[in-house]
K.L.:
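The structure's right below; bear with me while I get my questions together.
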Amino acid sequence: MSRLNDANIKIALEIISHYPRPKSALIPLLHLAQEQNGYVTREAMVHLGELVGVTSAEVYGTASFYEMFRFEPVGKYLVNICGTMSCALMGAGDLMHHAEQKLGVKAGGTTADGMFTLAHAECQAACTEAPTLQVNYRFRYKVTNSDFDTLIDDLKSGRLSDEIPSHGVVARIRQRIPADRGVGAIAPELATENPAWMNGKAAL
Amino acid sequence: MTTLDSSDTTPEVVVDPNAVSVTINGKVVAARKGEMIIAAADRTDDFIPRFCYHPRMEPVGMCRQCLVEVVGPRGPMMVVSCMTPVADGQVVNTATEGVKKAQEGMLELLLANHPLDCPVCDKGGECPLQDQAFSHGPGESRFVEEKRHYEKPIAISENVYLDRERCILCDRCTRFADEVAGDALISFTSRGNNTQVMTFPDEPFSSYFSGNTVQICPVGALTAKPYRFKARPWDIEHVESTCTTCSVGCRTVVQSSRDELVRYQGVDSQPVNWGWLCDKGRFNFESINSKDRLTTPLIKDASGNLSATSWSVAIDSAARMVRTALLSSPQSVAIIGGARGTNEDAFAWAQLANALGVDSRDSQLADGLPPQVFSLPQATIADIDTAKTIILLAPDLKEELPVLYLRVRRAAEKRTGRVVEVSPRATGLAGKAWKKVHVEPGKTAAALRALSTDAAFTAQLASGSVVVIVGRMNLAESEESVVYALAEVLHMAPHATVLPVLRRANVRGAITAGLTPRNGGKSTAEILEAAAAGKIECLVLLGADPLSDVPDADLARRGISGARNIIAIDTFITQSSALADIVLPAAAYGEKEGTTTNIEGRISNVAQSITPVGTSRPDWMIAVELGAATSHDLGFASYNEVHAAMISGVSEFASAVDTHAVEHDGVIVAHPTPITLTRADGASIERNSYDYRAVVSRKLYDNAIGTAKSPSLATLGVASAIIVNPLDVPRIGAQVGESVRVTSPRGTIVMPLQESVDVLRGTAWLPINLGGSDVRELLDVTKDVIDLKIEKMS
Ligand code: SF4
Ligand code: SF4
Ligand code: FES
């Protein structure tokens, strides 16, 4: 029972309408599914396949290419501690050790209350700020052990809930593309006229 | 700068605008624009190694093994030859030091994770990776690291196993599944080092065409259950042949080891199958090896049981039966069947029937078309590639003529032609159709006539060549209704050509050879009716099983029990042959040589690969013996003689003198004088609105003997059900899955109710010949349509 819910089906159809080919909408739809359940469920993948006209195997093939999509439940907060060179030199190993102690789970594990999943990450492209971590892809820089403790306490108490939504929510503000700016759901080889937004403008 | 002088009068040279010329290793090669370097090079003696490139699929440049040098403005440049189109004046080198190094490097990388378990790998001995590692590899690897490990092998479907350690990620199987078969049930998942071919969890790769991926996998990553560990390639004997499971007639290689069939592989025949086979045709060799095959003649003993006897006793008794029957009248002898054998088999039996004066003979089992359709302007399978419009007035090609389905699907996919689906329900091609004319049984001709005022439709017909694929799309609808519908199409598109699709591999050959009623002789339905009335003394079943095949169970039962004597020539004991007085064991496919005729009238050879099981004999030989025993010398005594007699005796088969062609792509039979069909003022057949009009058709995996006796296929079929539109379910009042009572004027059966949007409202689709209730109990071959009542069980 974790296909897209009615509200999300509506959003999904709107997203699909922005693309010339329905299957091009798969990535944003996968984010939508992950937003709904915190991870991408099997049923959601089947549902997305039905919505864009591809097989479930193709949805899974596409989704599994991307690290950000999870196919098993994860905590409300996914904490990724970078372990690549700069962070490693700046103490990421110790930080991970501390994090494991603090959360009581090994890297890769999820706390019993379902709040936190702790994970190793490769370079997060913020080497000048090492060691770094991300909570649901929101950065924290030059993290010390006590910074980490504060972060976890704040997340637990809900003090950061405005800044950091639960896992799967990419952005709280949904992008809206007015119809006259959309490409329209016509496959390029079938299009007989330019998309509306190109009217009066030279093609690039 | 020079300018062209328009008054220049040098004679005009006609140049093909698409012709280009390239130089490959110093040799000039003629090529065509758009062609890839590797394809042009394949016409020379220089072989470019490759794994992912396949001439029948779009190139993807996945494996990088085909690197060659193209000389460019800045010197030689390394390109993948399967993705680089030819250009005029291009200079290509495939064997320089640089190319050698690059190709060796690629192979070293491809082998970095490969387990090198060739000694226990089915592919060893015929493996492109093994072969090319020898011919184009470095000989040694610098990799010393631990290889990637996966569970070995996992089943991705009933019959296909995947060993991910051996996979080189060439994308052939996944591309085939998506691009050719349209069943994208396998896909690459994950990324980088973890990339693997995989299905969706719990959704197996259950494609009708899955066996092709095993054949084209360039390594031993995909193996097929029916062949796993059965033989080694160097112990296999190969003969090229034609699949006779259905009437598409795909070219195959029949492979045997120690006098047992072990595998069929597809052969790339441009006019027919492009190398593809369906799984039913590919894996049903198992039935030929079945322990249940008839090995000796059987005769009914005093207690009424069939018991083994000798050929001489069996033939003598059969001859006596025939002679006694002839004494009363030649009309009291009839032959049903002949479409499962070769042209020569059918010809010999037709000759015997002629000699005996037997006019009631029919190779169609009340489920075919009148032979006159062969006299309409004929289309070939390859015409589908160039047709502007393809009209389907046919059964679901995906279920009944699978490899033909691939060809039509491709035409729609590549937009070379538009598909018009005229059918009582959505078929496997509905998703590809430009126009769908879904109309309930009994109203097809009228619906088509109405289309003549549809401007877009008539403009489409006028835009170029039209191929009409015509066959019995609904076995609960009369043969005439198809002919009327066809007449309407040909009226709108007089330039259309016709591809008649008939059931059973060699129907067209059998009819052409003479196994069709003549001089007022009876058709199968008439023979059975006469038998029921006690007017048939001797009924010959030539590889036919009316009790399980005629779409009218009651008629078949009455006919078989009413026939005084039955002589069955068969490979198995079937429902009907079990009731025969004499059963003569027939040699099966792969056990005899001959020729066969496919839907387009293409004659190609079937080859012998193994010795016939037990004392079984080819049908033609049985005809000769029975002839001799009834004092008729048919004039031939060996295969070569019967083949020669057939070519000289049947004018349509004259083109088969070209033996070389018959043993490869085949030759087309000569068409008799064209006829025109007359349109009938077919009033639509109206009905009671409480009823559901029956749509009866086949599914690929049914109870056909070749499928039922092949363990790898026998479990793939589903059980009988009645399938209605979801909107009709509430009207019936039963739940989906619940058993309902289905009644026709003929009878009542109970079967589960199912729903599908592919079915029109007010109609009910009943796939025939599956396990469970027998749909044929509802059918009546004398009716134009069959209306059903569906009731909830109390
Ligand atoms: S399984 Fe075979 S065909 Fe499929 S990608 Fe791997 S090597 Fe290629
Ligand atoms: S399509 Fe017909 S002829 Fe071709 S492989 Fe399948 S059964 Fe055989
Ligand atoms: S054959 Fe060209 S890249 Fe594979």
Side-chain angles (χ1 to χ4, degrees), chain A residues 1-4 20-27 29-30 33-34 37 39-74 80 83-84 108 119-123 185-192, chain B residues 58 60 62 150 154-157 160 162 164 167 169 171 173-210 213 412-416 418 426 428 430-434 726 756-758:
Chain A
M1 213 348 259
S2 19
R3 292 165 63 94
L4 293 191
R21 291 192 185 86
K23 71 174 178 185
S24 309
L26 255 187
I27 298 295
L29 294 183
L30 283 160
Q34 179 147 283
N37 297 101
Y39 70 106
V40 183
T41 66
R42 265 189 213 185
E43 294 83 354
M45 285 190 274
V46 173
H47 195 179
L48 297 188
E50 290 164 12
L51 285 172
V52 304
V54 301
T55 62
S56 331
E58 287 173 299
V59 177
Y60 181 54
T62 305
S64 61
F65 187 86
Y66 299 94
E67 295 273 318
M68 267 176 94
F69 295 124
R70 298 298 199 111
F71 305 101
E72 301 294 335
V74 290
N80 285 322
T84 311
H120 279 295
E122 297 302 335
C123 183
I186 294 181
E189 64 273 21
L190 297 180
T192 50
Chain B
E58 292 296 320
V60 283
M62 197 75 183
Y150 286 116
I154 53 171
I156 55 171
S157 76
V160 179
L162 168 66
R164 290 164 291 176
C167 172
L169 302 173
D171 197 20
C173 56
T174 35
R175 234 180 323 155
F176 173 84
D178 180 23
E179 191 183 308
V180 181
D183 297 324
L185 300 170
I186 44 174
S187 173
F188 282 138
T189 62
S190 296
R191 181 173 33 151
N193 196 39
N194 296 324
T195 311
Q196 49 188 292
V197 174
M198 196 42 65
T199 62
F200 192 68
D202 301 329
E203 275 187 28
F205 179 39
S206 50
S207 167
Y208 287 167
F209 304 97
S210 66
T213 62
E413 187 90 323
K414 299 266 178 214
R415 297 169 200 283
T416 57
R418 284 176 163 167
K432 298 281 160 219
W434 167 74
S756 163
V757 288
D758 291 345

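Proteins get letters first, then strands, A, B, ... in listed order; numbering begins at 1 in each. Bear in mind that the values here come from a model prediction, so they are computed numbers and not experimental data.
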K.L.:
Among residues at least two apart in sequence or on other chains, which ones pass side-chain contact (heavy atoms from CB on, under 4.5 Å) with B:Ala430?
P.N.:
B:Glu421, B:Ala426, B:Lys436
K.L.:
Answer with side chain, backbone, both or neither: which region of B:Thr199 has an atom nearer than 4.5 Å to a non-hydrogen atom of chain A?
P.N.:
backbone
K.L.:
Looking only at non-hydrogen atoms, find the nearest pair between B:Ser206 and B:Leu185 and report the distance.
P.N.:
N-CD1, 3.8 Å
K.L.:
Counting only heavy atoms closer than 4.5 Å, note whether B:Asp178 contacts chain A via side chain, backbone, both or neither.
P.N.:
side chain
K.L.:
Please identify, among B:Ser190, B:Ser187, B:Gly431, the residue contributing the most non-hydrogen atom pairs under 4.5 Å to chain A.
P.N.:
B:Ser190
K.L.:
Can you name the nearest heavy-atom pair linking B:Ala184 to A:Ala57, along with the distance?
P.N.:
O-CB, 3.6 Å
K.L.:
Work out which heavy atom in B:Pro726 is nearest to a heavy atom in B:Ser756; give both atom names and the distance.
P.N.:
CD-O, 3.4 Å
